[in-house]
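Presented below is the structure to which this report refers.
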Amino acid sequence: MKIGIDIDNTITDTLPVIKEYCNMYNDTVVKRGLTMHEDGVASYNLFDWTKEENHDFCMNYLEKAVLSAKVKPNAAKVIKKLKDDGHEIYIISARVEPIFKTPYESTEKYLKENDIVYDKLIVGSIDKLPYCQKYNLDVFMEDEPRYINDISPIIPVIVFDEIFNKQCVGNNIYKVTNWNQIPNIINNLSNK
């Protein structure tokens, strides 16, 4: 199978790091006594920042935050096993310039340092569905609702269950809470 995989909050545990960096930015730069929204999922909705403040955070801190996120337990091991079993791995991420100074190179380095194997790395894909179609992917792993909703009508999506994607349900959506659940789903989808 050709397997597409998102990075942030799928391979990595990004949200806690984003919250940490946003909190630091809020306390040291914004300095307006704002309280973090616990249900926030990204810099644009964790605090009531202005568009300018969010832009400044993204331009100056987001890349560092994302690249310091830890890989989820067993992600590297499961991805390697899938590749060893003959599946093709396509890592597809919305990391873009200018927020990332060198999105491809910094992501490639991060993946290598964390033993994440793949056949193709695609960054800068704000719209992931065309890449799923271009590369004839059979399944995609994602956490972000807009991508789940775009892709799941076309191919199955394995969704890392988060508070911000609970509303994503359907016949082509497979919810997981950890990487150890992935091989069984891939095996079942391979046998269809």
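Just so it is clear, the values below take in all heavy atoms, side chains as well, and ignore hydrogens, waters and symmetry mates.
With a 4.5 Å cut-off on side-chain heavy atoms, Glu142 and Val159 do not count as touching. Proximity of Ile92 to Phe140: side-chain heavy atoms (C-beta onward) are separated by under 4.5 Å at one or more points. Looking only at side-chain heavy atoms (C-beta outward), Tyr147 and Asp6 stay at 4.5 Å or farther from each other. Looking at heavy atoms from C-beta onward, Asp8 lies out of side-chain contact with Ile18 at the 4.5 angstrom threshold. The closest side-chain heavy-atom distance from Asp161 to Lys166 is below 4.5 Å. Side-chain contact between Tyr135 and Glu88: absent, with no pair of heavy atoms (C-beta onward) separated by less than 4.5 Å. Between Met36 and Asn23, some side-chain heavy-atom pair lies under the 4.5 Å cut-off. Annotation: side chain of Asp138 is not in contact with side chain of Leu189 (no heavy-atom distance under 4.5 Å).
A 6.0 Å sphere centred on NE2 of His55 holds no more than 12 heavy atoms belonging to other residues, nucleotides or ligands.
Evaluation of the salt bridge (charged side-chain N to carboxylate O under 4.0 Å, His left out) rule for Glu53 yields Arg32 as partners, not counting sequence neighbours. The salt bridge (charged side-chain N to carboxylate O under 4.0 Å, His left out) test applied to Asp143 returns no partner, not counting sequence neighbours.
With Asn180 contributing its side chain and Asn74 its backbone, the two residues share no donor-acceptor pair below 3.5 Å.
Classification of Lys81 and Asp85 as a salt-bridged pair holds, one side-chain N sitting under 4.0 Å from a carboxylate O. A salt bridge is absent between Lys128 and Glu144: the closest approach of a Lys/Arg side-chain nitrogen to an acidic carboxylate oxygen does not fall below 4.0 angstrom.
Residues Tyr25 and Val41 do not share a hydrophobic cluster, clusters being chains of Ile/Leu/Val/Met/Phe/Trp/Tyr side chains in contact below 4.5 Å. Val157 and Met1 sit in two unconnected hydrophobic clusters of ILVMFWY residues. Membership requires side-chain heavy atoms under 4.5 Å apart, directly or through other members.
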